[in-house]
Amino acid sequence: MSQDPSQDTAAAIIRREEAVCARNYAPLPVVLVRAAGVHVWDERGQQYLDMMSAYSAVSHGHGHPRLVAALTEQARRVAVVSRAFHSDRLAPFLERACRMTGMDKALPMNTGAEAVETALKAARKWAYEVKGVAEDDAEIIACEGNFHGRTLGAVALSTEAQYREGFGPFMPGVRIVPYADSDALERAITPNTAAFLVEPIQGEAGIRVPPPGYLARCAEICRRHRVLLLVDEVQSGLGRTGRLLACEHENVVPDGLILGKALGGGLLPVSLFLARREIMDVFRPGDHGSTFGGSPLASAVGLAALETLEAERLVERSAELGEHLLAGLRAIDSPLIREVRGKGLWCGVDFDPARISARTVAERLLARGILTKETHETVIRFAPPLIIERAQIDWALERIRDTVRECEALVRTSKEIP
Ligand SMILES: *Cc1c(COP(=O)(O)O)cnc(C)c1O
């Protein structure tokens with residue numbers, strides 16, 4: 001415990017939380033009490049630049065006035081009625097989402113994982129009812145290193161030992177192929193394949209960007225074999241990569257699309273599974289649902305989140321400023337850094353685990369006022385709110401550079417034993 005009594009306040013808060021909260025996360029030792037725009041503050045009033053954006057859930061920035069207004073106005077009018085009744089808010093939201101993404105219909109859920117489950121259910125039912133696969137034979141192909149959430153269905157697709165260990169038995173009918181290898185996809189397809197589920201860029205795997213042409217080739221293979229292409233854009237979507245959807249970089253229009261995170265404007269969990277009519281029409285009343293999914297409150301916020309992306313040209317900002325951020329990160333020359341990758345305002349810096357752990361880097365960045373988190377043991381993610389200003393990126397780059405130098409010194413004095 002620190003000598004500084006204000007430090008003890010944070011320590012006390014953390015202790016209290018740890019006593020009662022399941023230890024399914026290992027948060028950085030900072031207690032956030034307030035946020036606005038790209039900044040957050042801890043209990044001592046210390047300011048941080050948020051370069052994490054809650055895994056892209058806060059792409060619009062914290063407490064966006066337009067989104068907070070949509071939330072509070074709708075909360076006062078009517079927030080939750082369940083889908084047992086109609087509301088006047090759902091259609092405008094889904095119309096907008098379909099128009100912007102080129103999809104025909106949408107099914108509203110809350111979290112990303114639920115929308116993934118929805119996509120899997122849709123694909124299986126489509127395989128039986130439309131493609132003619134025999135009962136219980138449908139297969140889903142997913143990629144090595146994927147992240148599709150934490151539900152049992154999503155975990156059944158995972159290749160991450162820790163995400164699976166202790167949670168079996170798993171849903172059958174899953175085939176795994178290496179990521180960024182379209183030939184492997186084609187080899188894995190059988191007459192029973194319902195769908196190929198893929199992230200255009202693998203976020204949790206460490207911002208893994210496949211070679212150009214990969215997704216377009218997957219789309220062509222899926223079309224030829226009558227396999228649904230389901231694209232999980234929960235993290236990559238809604239401007240994060242400099243296009244509204246990451247699959248636009250490859251001019252791919254998927255059969256089904258999964259959105260979440262930023263769709264809730266940083267205020268609420270709002271997710272959608274969107275698809276072509278033929279796929280969505282396999283759902284009949286009673287087949288699938290969610291108590292809160294598509295509530296008036298979620299719909300009002302989701303609509304405002306989509307409107308704000310356009311009104312504030314956040315997608316274009318992400319493209320422009322993302323290049324600036326990526327160039328700045330690539331300019332940091334250090335033996336600790338193995339690779340810098342990314343697209344739009346979504347960058348991963350891959351540190352050499354033989355020299356330093358990404359966790360140590362994240363802790364040092366925190367001390368310099370930059371909030372981010374390691375993903376796996378080696379990658380630091382930089383994904384600021386899309387409203388970030390160029391000068392704020394420069395401010396961050398300076399501190400990131402200083403942090404890397406500090407880490408080099410750490411390694412030289414071998415204080416860090418990996
Ligand atoms: C975060 C994420 C999910 C899961 O979303 P939750 O809201 O945490 O359930 C699914 N897919 C991808 C690609 C994600 O990044």
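All residue numbers refer to positions in the sequence shown, counting from 1. Bear in mind the structure is a predicted one, so any value in this text is a computation, not a measurement. Read the numbers this way: they start at 1 and go in the same order the structure lists the ligands and their atoms.
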Give a yes or no on whether a salt bridge exists between [X] and [Y], defined as a side-chain N under 4.0 angstrom from a carboxylate O.
X: R224; Y: E220; result: yes
X: E233; Y: R243; result: no
X: R359; Y: E363; result: yes
X: E186; Y: R217; result: yes
X: D402; Y: R399; result: no
X: K125; Y: D287; result: yes

Heavy-atom contact check, 4.0 Å cutoff: does H148 meet ligand 1?
yes
Strictly under 4.0 Å, does any heavy atom of Y55 approach an atom of ligand 1?
no
Under 4.0 Å from any heavy atom of [X], which atoms of ligand 1 are there?
X: G149; result: 4 (C), 10 (C)
X: A113; result: 4 (C), 5 (O), 6 (P), 9 (O)
X: D232; result: 10 (C), 11 (N), 12 (C), 13 (C)

With heavy atoms under 4.0 Å as the rule, classify the contact between [X] and ligand 1 as side chain, backbone, both or neither.
X: T111; answer: both
X: E199; answer: side chain
X: K261; answer: side chain

Going by atom types only, do R164 and S158 share a side-chain donor-acceptor pair under 3.5 Å?
no
Ranked by distance from atom 6 (P) of ligand 1, the top protein heavy atom is G112 N, 3.4 Å
E114, any N or O under 3.5 Å of ligand 1 N or O
no
Are any of the N/O atoms in V116 less than 3.5 Å from those in ligand 1?
no
Can you see whether Y163 has R150 sitting over its ring - NZ or CZ less than 6.0 Å from the centre and within 45° of the normal?
yes
